[in-house]
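Since the structure is predicted, the reported quantities are computational estimates derived from the model, not experimental observations.
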Amino acid sequence: TSLQGYLASDGARTDRRPGILVVHEWKGFGDYVKMRADMLASLGYVAFACDMYGKGVFARDHAEAAKLSGALKSDRSLMRARAKAGLAILLKDRRVDPDRLAAIGYCFGGTTVLEMARAGLPVRGVVSFHGTYDTPVPAARGSVQAKILACQGGSDAFTLKGLPDFETEMTNAGADWQVITYANAVHAFTVKEAGDDPSKGIAYNEAADRRSWAAMRAFFDELFPAK
């Protein structure tokens, strides 16, 4: 399968620094995930936004997005393999410190980065923004080496139901995990294109977006202390 990606970094810097893999929301690889990669680059990271569906594949509507994301959710081996392939591309950049890697993801991408942690891929930490938590392959004891931050909408009917089992799974696995819940935030709270009507179950929430990004930055400061 041909896949695509987008690399963002501060071109004026040549030093080795942390690399961040960014995984797109359920519609696919588009402007949103590239924007997030640019935001990470502005913070000094090398960021690679990876495609999980296939070059040129982008959902036209929610029904198509559900079909595309569902295909990978039902095949976690393929999901993990494509994330691993994205990580390999990031590692090819000479400015990336291979010992300082992390991954973030939105919605479907949040699900993906949690699978990366379960699979033991070589990242120090993962951040899931409004991702789902269920998996057919729960983490085994001692298998999760990456630290986990999950940013959760307090009124997200799509993801909240899976949170108790996820917390139990991660505790039993001995993982270092944390969940931050944002009041009144529904699904897709970081996506401005989701609109401003929470009654639909999907809507942007400026406060939750801002606070979750700040939480991610603090998480990365802990993962990658200044040398």
Open item on the list: Going by the rule salt bridge (charged side-chain N to carboxylate O under 4.0 Å, His left out), which residues pair with R124 if we only count those two or more places apart in sequence or in a different chain?
Closed with: none
Task: All salt bridge (charged side-chain N to carboxylate O under 4.0 Å, His left out) counterparts of R60, not counting sequence neighbours - done: E64
Under a 4.5 Å cut-off applied to non-hydrogen side-chain atoms, are [X] and [Y] in contact?
X: M39; Y: K34; answer: no
X: R211; Y: Y182; answer: yes
X: M52; Y: V23; answer: yes
X: T135; Y: L114; answer: no
X: W177; Y: K147; answer: no
X: R17; Y: S9; answer: yes
X: V96; Y: L101; answer: yes
X: F224; Y: D97; answer: no

Open item on the list: The test is ring pair (Phe, Tyr, Trp, His ring centres under 6.0 Å); show your working for Y53 and F108 and say whether it passes.
Closed with: CA-CA 11 Å; Y53 294 163; F108 163 79; 5.4 Å; yes
Side chain of [X], backbone of [Y]: donor and acceptor closer than 3.5 Å?
X: T111; Y: T132; result: yes
X: E169; Y: A139; result: yes
X: R16; Y: R94; result: yes

Task: Step-by-step side chain to side chain contact (heavy atoms under 4.5 Å, CB included) determination, V137 to R80 - done: CA-CA 11 Å; V137 281; R80 294 177 177 192; 3.2 Å; yes
Open item on the list: Parallel, tilted or perpendicular, judged at 30° and 60°: which one describes the rings of H130 and F189?
Closed with: perpendicular
Using a distance-only test with no angle check, is there a side-chain donor-acceptor pair under 3.5 angstrom linking [X] and [Y]?
X: W213; Y: T190; value: no
X: T112; Y: R82; value: no
X: T159; Y: D156; value: yes

Counting only pairs under 3.5 Å, give me each side-chain donor-acceptor contact of residues 65-73, with atom names and distances, residues two or more places apart or in other chains.
residue	atom	partner	partner atom	Å
S69	OG	A65	O	2.9
S69	OG	A66	O	3.4

Shortest non-hydrogen separation from [X] to [Y] and the atoms involved:
X: G153; Y: T181; result: C-CG2, 4.2 Å
X: Y133; Y: G162; result: CB-O, 3.6 Å
X: A173; Y: V144; result: CB-CG2, 4.4 Å
X: L3; Y: G54; result: CD2-N, 3.5 Å
X: A146; Y: A117; result: CB-CB, 4.3 Å
X: D196; Y: P198; result: O-CD, 3.3 Å

Task: Worked verdict on V127 versus F220 for side chain to side chain contact (heavy atoms under 4.5 Å, CB included) - done: CA-CA 10 Å; V127 184; F220 285 170; 4.1 Å; yes
According to a 4.5 Å side-chain heavy-atom criterion applied to Ile, Leu, Val, Met, Phe, Trp and Tyr, with indirect links allowed, do [X] and [Y] form part of one hydrophobic cluster?
X: L90; Y: L40; result: no
X: M35; Y: L21; result: no
X: V179; Y: V126; result: yes
X: Y106; Y: M79; result: no
X: L78; Y: V113; result: yes

Task: Side-chain ion pair, R13 and D93, N-O less than 4.0 Å - done: no
Task: Note: E206-K192 ion pair, threshold 4.0 Å (strictly below) - done: no
Verify the neighbour count for atom [atom1] of [X]: are there more than 12 heavy atoms of other residues, nucleotides or ligands below 6.0 Å?
X: N172; atom1: CG; answer: yes
X: R210; atom1: CZ; answer: yes
X: D31; atom1: CG; answer: no

TODO: Give the intermediate values and the outcome of ring pair (Phe, Tyr, Trp, His ring centres under 6.0 Å) for residues Y6 and F48.
DONE: CA-CA 6 Å; Y6 176 81; F48 181 66; 8.7 Å; no
If you round to the nearest 0.5 Å, how far is [atom2] of [Y] from [atom1] of [X]?
X: K92; Y: L87; atom1: NZ; atom2: CG; result: 12.0 Å
X: M216; Y: I180; atom1: CE; atom2: CD1; result: 11.5 Å
X: I104; Y: F219; atom1: CD1; atom2: CZ; result: 11.0 Å
X: E115; Y: S128; atom1: CD; atom2: OG; result: 11.0 Å
X: D176; Y: I148; atom1: CG; atom2: CD1; result: 8.5 Å
X: E167; Y: Q178; atom1: CD; atom2: CD; result: 11.5 Å

Task: With sequence neighbours excluded, residues passing side-chain contact (heavy atoms from CB on, under 4.5 Å) with D197 - done: S199, K200
Task: Whichever hydrophobic residues join I202 through chains of side-chain contacts under 4.5 Å - done: F158
Open item on the list: Please give the remaining members of the hydrophobic cluster of Y204, linking ILVMFWY side chains under 4.5 Å, ordered by chain and number.
Closed with: none
Open item on the list: Exactly one of L7, D15, T14 should register a side-chain contact (heavy atoms from CB on, under 4.5 Å) with R95. Which one does?
Closed with: L7
Open item on the list: ring pair (Phe, Tyr, Trp, His ring centres under 6.0 Å), that's the test. Do H24 and Y32 meet it? Break it down for me.
Closed with: CA-CA 8 Å; H24 56 75; Y32 180 83; over 10 Å; no
